[in-house]
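Let me begin by presenting the structure, written as structure tokens, before commenting on it.
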Amino acid sequence: MTTVAPARSGTVYFREVCESTAGALAGLSCHRSLEDVAAMYEAPDRKGLGDSAFPCFPLAKELKMAPQEIASQLAGRMERPRSVTDVRAIGGYLNVWYKPEIVAAEVLPIIAAQGQRYGSAEEGRGRTICMDYSHPNIAKPFGVGHLRSTVIGHSLKRILEKLGYSTIGINHLGDWGTQFGKLIVAFREWGDEGKLAAEPIAHLYDLYVRFHADAESDPGLEERARREFKKLEDGDRDNRLLWQRFRDLSLSEFERVYRRLGVTFDSDAGEAFYNERLSPLIDRLVQSGVARSGEDGALIIPIGGEGEAPLLLRKADGATLYATRDLAAAEYRYDTYHFDRCLYIVGSAQALHFQQLFAALKAMGHDWAERMVHVEFGWVKFADTMMSTRRGNIIFLDDVLAEAVERTKRIIADKNPALEDADAVAEAVGVGAVVFWQLSVKRQKDVNFDWDDALAFDGRTGPYLQYTHARLSSLLAKWGKPISMDRVAWGHLNSEEERKLVLRLGDWPRAIQVAGRQYEPQVLAAALLDTAQLYNTFYQKVRILDGEAEAAPARILLSDCVRQVLAEGLCLLGLQAPHQM
RNA sequence: GCCCCCGUAGCUCACUUGGAAGAGCAGCAGCCUUCUAAGCUGCCGGCAGCAGGUUCGAAUCCUGCCGGGGGUACCA
């Protein structure tokens, strides 16, 4: 178990320890600010080493003493604040154990009083962050690859809002570009109105796949596609109508997926939205000398030195590219939202594109270019064979969710057949498993798609968190009365798990801040798993309702706080928190 | 060729930006007449790709090599 102790949280018990440590250091003629001491403290990751640890190695030279000696001197000299039960020198560390009842008495009333607001912060007050996430391509299936941007973006949105920011969620739909030329050609060639009506995206995707297959042997197709897209861009009526149909049909299918995931947007201005802004933009860039013509008649914005790839603004045939639309979009977003930051939750494969984009914005004289952030993430890979092709070379998210819900229903039928609203619960838990699977791995890592991994229900999974939450809900419902603080006997919260739990809960606000600063929901996933794991151990060992009566209010209060944090954490990750399962 | 990312237990991943290697899964052995067993306990499992360097101290920073992935002007 990775236990995260409050090495750097802004709690009273931690500050007391820092003050005592700084005091003891001063006794050795070593003067350190409170902040420095706090920054040096870390959390031991092994059992038996206490809750906070102060490494003495960096002081050895200055004090001309062995770290072990410094640690034991400090342990001897350090005043024991009331929040501490033990201070020990182990190796070159000063290890600190907190007194659970003090920590609990500080942390739990705050959580109980603040409820859902616990962990909220003000750092983002008055600041707006634009977030570009999901952005699926019209006429292409919503695959598990799109899941990553969607759930990371959605979770970050909630996290940043929790930290006080205003957010603008933007679904920058891939509703423009040369693929529409291909689609138009393919639809006129092989399209079927019946299939389009019945399963629009599947049909359009088939056409798209067929186009590429046929283009291998018939190079003329590509040329026709380019022409059709150019016509579309020039406002050709028939192409425009076809495009509109493809877009409407696709969007309504996407909406269904977003509803299941609980994902929302504040804007779905996609690439097409910026069409009329492109030629003024290009004119401006040419006139100001930022853009110039490149090889073979294309228009470019040079980036960096010789040999570095420029940003391609317009192709030789006059058609624009997605970089052009991204430039226009960035300006539009700044003018419209006056963002403090603009995040692009987009895969690492496009890292160079965003470097170019940000550099181009800078070259255009926008000082806000440095507020643009590419929040990148690794691939969802389909390494091996069998699982790959259900309907082409992509795995439909619909299929994954359907399978997840199906498996969940079987588990419910087996474990809790009397469950009310079993279908709703299966939906929440099945979808939760899939969403959490994406968020439990750090962004930059590639994830291999594997049915059993994506649909896991045991161990460090979304359902594990939901299960713990449901168990707590049921427990608290059985208790069935409000907890009066003055009846809480803090001294009963004295086991290892209870101590670690209250420390973990006290550190929760910091986890949210770290997650927001690093744009990394995984930080929350890990914190919640630790919380749930500690609670389940506690739950297994101790009888809460029918144990010692004097201990019950304290244990119930602890349980209520854990439930509160789990519920809020699940929400920040974009999962539901059912009360039964 | 050049640039970027990754390499930690059999598998999937953490380690709070330099401090004491840690989970889950799988395997083995246990725990349901008691608050939800989607749970809990224990065991097994490591030369952190390899080789150097910086440092009191490196999985973490630097260099080289090996292996995997991505990018590299008219796709997005």
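Chain naming here is simple, since letters A, B, ... match the order of the sequence lines and numbering starts at 1 in each.
Here the straight-line distance linking atom CD1 of Ile170(A) with atom NE2 of His135(A) works out to 10.5 Å at 0.5 Å rounding.
Two residues, Phe54(A) and Val441(A), neighbour RNA chain B, and the one matched to the more 5' nucleotide by heavy-atom proximity is Val441(A). Between Tyr539(A) and Gln355(A), the one whose closest nucleotide on RNA chain B sits nearer the 5' end is Gln355(A).
Taking the side chain of Gln533(A) as heavy atoms from C-beta on, and the options G71(B), A23(B), G39(B), the nearest nucleotide is A23(B). For Arg46(A), the listed nucleotide lying nearest its side chain is A20(B); candidates were A20(B), C35(B), C6(B). Considering only the side chain of Tyr467(A), U36(B) comes nearest among U36(B), C35(B), G22(B).
By the 30° and 60° cut-offs, the orientation of the rings of Phe142(A) relative to His146(A) is tilted.
Nucleic acid contact for Ile90(A): base, since at least one base atom lies under 4.0 Å from a heavy atom of the residue. Looking at heavy-atom distances under 4.0 Å, Leu312(A) makes contact with a base.
The CZ-P distance, from Phe377(A) to C5(B), rounds to 17 Å in whole Å.
U34(B): glycosidic angle beyond 90° from 0, hence anti.
Between Arg32(A) and Glu62(A) there is a salt bridge, with a side-chain nitrogen of the basic residue lying less than 4.0 Å from a carboxylate oxygen of the acidic one.
There is no side-chain donor-acceptor pair under 3.5 Å between Tyr344(A) and Asp326(A).
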